[in-house]
Amino acid sequence: MYALVDCNNFYVSCERVFAPQLEGRPVVVLSNNDGCLISRSQEAKDLGLKMGEPYHLVRPLLEQHRVQVFSSNYALYGDMSRRVVQVLSGLAAGVDVYSIDEAFLDVSGMKLLEPDLLAYGQRVHETLKKHTGIPTCVGIAPTKTLAKLANRLAPKTGPVRTVTLATAADWEPALAQVPVGSIWGVGRRYARKLTDMGIGTGLELARLPEHWLRRHLGGVVGQRLWRELHGQPCLEWNPAEWDDDQLQPNTASRHSVTCTRSFGRPQHQEAVLAEAVATFATRAAEKLRRYGQAAHLVTVLLGTDRFAPTAGPKTHTAVISLPTSTNDTGMLIKAALQGLRQLRRPGVAYHRAGVLFTGLEPEGQAQLGLFSGSAADQQRSQQLMQAMDGLNARFGRQLVRSAAMGVAKNVDGLLQKPVWGGRAAHRSPRYTTGWDELWQLR
DNA sequence: TCTGGGGTCCTAGGACCC
DNA sequence: TCTGGGGTCCTAGGACCC
């Protein structure tokens with residue numbers, strides 16, 4: 001049995017933990033660059049505000065209804081997410097962290113009957129609310145896909161926030177009451193295709209023959225979906241692990257690491273683009289080291305206006321292959337800048353840029369390349385990275401950095417925003433992760 | 001002036017190997 | 001009359017997820 005724990009309106013809920021006066025009021029959180037709505041409180045949903053809606057289009061409506069607006073604050077959300085997972089790890093034999101705001105629990109070992117599973121789900125919900133302040137819903141079923149369905153049907157208000165679907169007699173009526181597009185694994189395209197054929201509900205989908213899903217819904221992906229809907233687990237269990245009492249998220253097997261950003265305004269100058277690309281390479285390299293990985297392929301990406309009516313591709317990429325895999329910031333910046341020089345066309349205004357690392361392997365496992373320097377060089381690089389990461393962790397992310405990222409001016413002890421930097425007009429303080437921004441009680 | 005970012009998996013086809 | 005079988009690796013594209 002799996003329990004899916006999903007945080008309600010997660011980013012909004014994080015903001016409300018530190019601004020409880022916003023309880024009951026409409027609140028939204030914007031994407032990077034204050035671009036779109038990516039989290040909405042129930043009151044904001046009730047106003048008809050949609051997920052992903054461009055901020056500049058709904059701004060008048062937001063002002064009219066006095067909606068509280070936040071820029072995204074990933075330092076805060078990431079830390080709150082970590083706390084949620086920590087609490088969950090004390091409540092189940094295993095935790096599979098699926099995203100920043102949801103996790104599956106292994107509850108098969110509980111060997112409890114349905115009423116007890118319901119009580120268990122309630123205990124999870126109540127413990128999380130008490131220890132982190134985040135409201136959640138819990139769905140329990142024999143497969144991940146059915147647990148998702150159960151979670152979706154769990155009430156978001158009132159005392160009971162758990163739904164269990166233990167047997168076919170439970171999940172068949174549940175499938176009958178949801179549109180096919182709300183089933184996990186059925187996206188917009190498949191939903192359209194299915195409804196055009198007269199398949200409207202989850203149950204109608206489940207009643208199609210297994211081979212039909214294999215043929216028409218992405219091959220083995222569709223076949224797995226069919227089995228999951230019939231109570232046969234087909235999706236992998238990917239547990240988070242504990243290492244020196246520290247939670248290691250289940251990301252060791254990831255295949256890529258990226259950092260991309262839209263600019264506050266379009267940029268065409270080589271020097272500005274280079275500073276941005278160096279910054280993204282630095283961030284991505286930090287992620288690589290955090291998870292003990294190294295990369296041997298560096299992709300640089302430059303994007304023009306995605307919404308321009310002109311034909312042709314809006315994103316251009318260049319791939320640089322390294323002789324050996326590395327997670328050394330200096331080497332990765334060098335490769336990224338080489339890619340940038342190949343890509344950039346003079347006079348073209350770029351709206352976004354990014355760096356993508358692939359060809360990942362565990363660090364230290366890399367073969368010594370013929371032209372990649374000696375083992376002593378590699379050891380020096382490792383020591384340097386460790387020293388940099390240590391200093392930056394202790395004194396702030398930007399304390400020691402490559403000159404390629406640019407030399408920002410210091411204004412009142414704060415680093416000035418780079419020229420390519422995006423908008424974030426409504427960001428809340430980093431209450432739990434920044435010494436200068438701690439929550440103050442008087 | 002104005003529309004996010006970070007991932008996963010699968011399939012098909014081509015190049016190349018023995 | 002008419003060109004095997006089995007395999008790997010890579011890329012591009014398409015679908016999906018939050």
Side-chain angles (χ1 to χ4, degrees), chain A residues 4-11 28-39 50-60 62 71-74 77-78 81 96-104 144-145 148 151-152 181-194 213-225 228 234-236 238 249-251 253-266 280 283-284 287-288 291 296-297 299 301 303-309 313-315 317 319 321 349 351-360 422-425:
Chain A
L4 173 62
V5 182
D6 191 315
C7 301
N8 301 339
N9 321 324
F10 183 57
Y11 299 167
V28 298
V29 175
L30 305 177
S31 65
N32 253 322
N33 215 10
D34 291 349
C36 303
L37 274 52
I38 52 168
S39 183
K50 301 261 159 38
M51 176 71 180
E53 210 152 19
Y55 175 47
H56 73 270
L57 292 183
V58 292
R59 207 166 161 170
L62 297 176
S71 302
S72 39
N73 183 350
Y74 287 102
Y77 312 148
S81 174
D96 180 339
V97 181
Y98 179 67
S99 76
I100 194 165
D101 71 341
E102 31 182 317
F104 291 97
K144 286 183 164 184
T145 307
K148 275 284 221 185
N151 187 290
R152 186 175 189 276
S182 71
I183 300 293
W184 197 37
V186 179
R188 259 217 302 276
R189 303 296 275 261
Y190 289 163
R192 179 80 207 275
K193 179 164 158 178
L194 289 163
L213 271 81
R214 178 170 179 124
R215 177 125 174 73
H216 295 103
L217 253 48
V220 297
V221 179
Q223 190 169 13
R224 275 189 208 132
L225 173 60
E228 284 263 323
C234 288
L235 299 176
E236 251 184 82
N238 241 295
N250 36 359
T251 46
S253 62
R254 62 152 61 145
H255 294 114
S256 66
V257 168
T258 97
C259 182
T260 87
R261 289 284 179 280
S262 294
F263 301 138
R265 57 190 65 239
F280 303 152
R283 291 263 178 286
K287 281 191 215 173
L288 224 42
Y291 298 119
H296 77 264
L297 290 172
T299 301
L301 149 182
T304 54
D305 184 3
R306 284 189 296 159
F307 300 93
K314 306 290 203 277
T315 305
T317 57
V319 185
S321 179
H351 289 236
R352 44 194 271 274
V355 172
L356 166 70
F357 296 148
T358 49
L360 304 189
R423 283 175 295 273

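In what follows, chains carry the letters A, B, and so on, assigned in the order in which the sequence lines appear, proteins first and then strands, with residues in each chain numbered from 1. FYI, side chains are in, hydrogens and waters are out, and symmetry mates aren't considered; it's all heavy atoms of this structure.
- Between A:Arg423 and B:dT1 there is no side-chain N or O to OP1 or OP2 distance below 4.0 Å.
- Contacts of A:Asp101 with the nucleic acid, taken as non-hydrogen atoms under 4.0 Å apart, involve only primed sugar atoms and P, OP1 or OP2.
- As judged by a 4.0 angstrom heavy-atom cut-off over every strand, A:Lys148 is placed among residues touching the sugar-phosphate backbone only.
- Counting non-hydrogen atoms under 4.0 angstrom, A:Arg265 reaches nothing in the nucleic acid.
- Contact between the side-chain N/O atoms of A:Arg261 and the OP1/OP2 oxygens of B:dG6 is found at a separation under 4.0 Å.
- Nearest nucleotide to the side chain of A:His255, out of B:dG4, B:dG7, B:dT8: B:dT8.
- At a threshold of 4.0 angstrom between heavy atoms, the contacts of A:Arg224 are confined to the sugar-phosphate backbone, with no base atom among them.
- Side-chain proximity of A:Tyr98 to B:dG4, C:dC17, B:dT11: nearest is C:dC17.
- A:Tyr55 comes within 4.0 angstrom of no nucleic acid atom, judged by non-hydrogen atoms across all strands.
- For A:His351 and A:Asn32, each mapped to the nucleotide of DNA chain B holding its nearest heavy atom, the one lying further toward the 5' end belongs to A:His351.
- The aromatic rings of A:Phe104 and A:Tyr98 stand perpendicular to each other, their planes meeting at an angle above 60°, with 30° marking the opposite boundary.
- Within 4.0 Å (heavy atoms only), A:Glu102 reaches sugar-phosphate atoms of the nucleic acid but no base atom.
- Judged by distance alone, the side chain of A:Asn151 and the main-chain N or O of A:Leu4 form a donor-acceptor pair under 3.5 Å.
- Side chain of A:Lys287 to backbone of A:Thr258: a donor-acceptor contact under 3.5 angstrom is found.
- Close to B:dG6, at under 4.0 Å from its OP1 or OP2, lies no side-chain N or O of A:Ser256.
- Toward the 5' end of DNA chain B, the nearer of the two residues A:Gly218 and A:Arg352, judged by each one's closest nucleotide, is A:Arg352.
- Heavy atoms of A:Arg188 sit under 4.0 angstrom from primed sugar atoms or phosphate atoms, though from no base atom.
- Here A:Lys193 lies out of heavy-atom contact (under 4.0 Å) with every strand.
- The A:Ser99 side chain lies nearest to C:dC18 when the options are C:dC18, B:dC2, B:dT11.
- Among the protein residues, A:Asn33 comes within range of no part of the nucleic acid, since none of its heavy atoms lies under 4.0 Å from any strand.
- By the criterion of a centre-to-centre distance under 5.5 Å and near-parallel planes under 30°, the ring of A:Phe307 forms a stack with the base of B:dT3.
- Rounded to a whole angstrom, the distance from the C1' atom of B:dG4 to that of C:dC17 is 15 Å.
- Closest contact between the side chain of A:Arg189 and the listed nucleotides C:dA15, B:dG7, B:dG4 involves C:dA15.
- Checked by atom type and distance alone, the side chain of A:Asp96 pairs as donor or acceptor with a backbone atom of A:Asn238 at under 3.5 Å.
- Shortest non-hydrogen contact noted between A:Trp184 and A:Leu225 is O-CD1, 3.5 Å.
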